[in-house]
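To start, the structure itself, in structure tokens.
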Amino acid sequence: MTERAWVSWSCGKDSALALAKIRADGDDVVGLVTTVVNDAEVAGSGVPVELLRRQAAALGLPVETVDLPWPCPNEVYEQRMSLVWRGMRRRGDTSVVFGDLFLTDIRAYREQTLHGTGLTPLFPLWGRPTGELAREMLDLGTRAVVVCVDPAQAPPEIAGRTWDEDLLRDLPADVDPCGENGEFHTFVTDGPGFAAPVEITVAGIAERDGFVHALLEPRQPVPVI
């Protein structure tokens, strides 16, 4: 059966590859769904909502944002997401695609939250070796920048760097190349399905809530003189 799928979209490289995989399977991707904080930035990474919308436009997909307070109690998160899942099912959608790779507790939580909604959780990248996945992403033309780093797990100086072969080579051996343990998060600027790159500028680096963030801004076009 052809799926009518929404992609749980983090703005990062794993979500982008999961989207590419589900499209390659011939399923109908209805849109992207993303949690945001105070309608200003993407939850977890701090990416400005304006850049999220530019990603969605480049992919030719609508994006549904779920606004959360900060800090956000888990019951509030689950209540708001439940409303989203019910709305999707009423519209005839069938599944939600996640870019998770190997964390079994996260997968179990996703499956639990969708249980009884009529929506099927899909994990097209699940169980693949992350070093292999990282190189597949790069081979497919994925371009991304590191936007958030947990300095307790990864070198803080990688914030703002391009996620590429050089960065993978520089990562300590105990840091997952895809950042699946929460070591870092990325923002995809180009890759499979993008009609055009999302042009960005790294305007600075800041520490917030124990994490190191690259402050992204849309790159302004060069004026024609």
Side-chain angles (χ1 to χ4, degrees), residues 1-36 42-45 47 49 52-68 77-130 132-134 136-142 144 178-180 185-196 198:
M1 181 185 75
T2 300
E3 301 285 349
R4 280 180 50 85
W6 284 82
V7 175
S8 178
W9 186 256
S10 68
C11 293
K13 57 189 173 29
D14 302 341
S15 294
L17 184 58
L19 168 61
K21 293 291 188 187
I22 205 77
R23 279 177 155 174
D25 288 342
D27 292 315
D28 180 18
V29 177
V30 181
L32 313 175
V33 57
T34 304
T35 53
V36 301
V42 175
S45 66
V47 169
V49 167
L52 161 67
R53 299 196 187 283
R54 292 191 184 199
Q55 277 184 327
L59 289 163
L61 291 170
V63 60
E64 180 168 347
T65 57
V66 184
D67 194 37
L68 303 174
Y77 169 81
E78 292 184 350
Q79 178 187 48
R80 296 190 182 183
M81 292 308 301
S82 177
L83 293 174
V84 172
W85 307 142
R86 289 205 296 267
M88 290 178 181
R89 195 68 190 108
R90 281 196 302 270
R91 295 191 295 267
D93 304 323
T94 62
S95 55
V96 183
V97 178
F98 298 98
D100 299 299
L101 306 180
F102 60 72
L103 296 176
T104 55
D105 55 338
I106 298 296
R107 175 168 178 158
Y109 180 74
R110 312 265 199 224
E111 293 171 336
Q112 175 190 331
T113 56
L114 287 183
H115 181 72
T117 64
L119 296 167
T120 301
L122 302 176
F123 301 88
L125 310 182
W126 187 258
R128 298 263 315 270
T130 53
E132 172 188 301
L133 272 175
E136 179 181 345
M137 293 178 205
L138 292 173
D139 289 345
L140 288 171
T142 302
C178 290
E180 181 67 355
H185 301 282
T186 60
F187 176 84
V188 170
T189 59
D190 200 5
F194 279 69
V198 177

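In this structure, Leu19 and Trp9 approach most closely via the heavy-atom pair CD2-CZ3, 4.0 Å. Closest approach of Leu114 and Pro121 over heavy atoms only: CD1-CB, 3.7 Å. Minimum interatomic distance between Pro124 and Lys21 (heavy atoms only, all atoms of both residues): CB-CB, 4.1 Å.
To the nearest 0.5 Å, atom CG of residue Leu61 and atom CZ of residue Arg23 are 4.5 Å apart. From Arg4, atom CZ reaches atom CG of Asp28 across 5.5 Å, with rounding to the nearest 0.5 Å. Rounding to the nearest 0.5 angstrom, the gap separating the CG atom in Leu122 from the CH2 atom in Trp6 is 15.0 Å. Rounding to the nearest 0.5 angstrom, the gap separating the CG atom in Leu125 from the CD1 atom in Ile22 is 9.5 Å. Note that NZ of Lys13 is 9.5 Å distant from NE2 of His185, once rounded to the nearest 0.5 Å.
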Sequence neighbours excluded and cut-off under 3.5 Å, please list the side-chain donor-acceptor pairs for residues 95-107, or say none.
from   : atom 1 : to     : atom 2 : distance (Å)
Ser95  : OG     : Glu3   : OE1    : 3.2
Asp100 : OD1    : Arg110 : NH2    : 3.1
Asp100 : OD2    : Arg110 : NE     : 2.9
Arg107 : NE     : Glu111 : OE2    : 2.9

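Using a 4.5 Å heavy-atom threshold, the side chains of Thr65 and Arg53 count as touching. A heavy-atom distance below 4.5 Å is found between the side chains of Val33 and Met88. Under the 4.5 Å side-chain criterion, counting only non-hydrogen atoms from C-beta, Phe187 is in contact with Val198. The shortest side-chain heavy-atom distance between Phe194 and Leu59 falls under the 4.5 Å cut-off. Considering only heavy atoms from C-beta on, Thr94 stays 4.5 Å or farther from Asp27 through its side chain. With contacts defined as side-chain heavy-atom distances shorter than 4.5 Å, the pair Val7/Val29 qualifies.
Here the side chain of Thr113 pairs a donor or acceptor atom with the backbone of Tyr109 at under 3.5 angstrom. Thr186 places no side-chain N or O within donor-acceptor distance of the main-chain N or O of Gly12, the cut-off being under 3.5 Å. Arg80 places a side-chain N or O within 3.5 Å of a backbone atom of Asp67 that can act as its donor or acceptor partner. A donor-acceptor distance shorter than 3.5 angstrom exists from the side chain of Ser15 to the backbone of Ser10, with no hydrogens or angles considered. A donor-acceptor pair is defined here as one N or O able to donate and one able to accept, closer than 3.5 Å; such a pair exists between the side chain of Gln55 and the backbone of Cys11.
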Practice task
Report the C-alpha separation of Arg89 and Thr117 in whole Å, then their side-chain angles, then the decisive distance to 0.1 Å, and conclude whether the side-chain contact (heavy atoms from CB on, under 4.5 Å) test is met.
Solution key: CA-CA 7 Å; Arg89 195 68 190 108; Thr117 64; 5.8 Å; no
Problem - Pair Asp14-Met137, side-chain contact (heavy atoms from CB on, under 4.5 Å): steps then yes or no - result: CA-CA 8 Å; Asp14 302 341; Met137 293 178 205; 3.1 Å; yes
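Remark: Arg90 pairs with no residue by the salt bridge (Lys or Arg N to Asp or Glu O under 4.0 Å) rule, at least two apart or across chains.
For the side chain to side chain contact (heavy atoms under 4.5 Å, CB included) with Val36, the qualifying choice from Val66, Val47, Leu52 is Leu52, the only one to do so.
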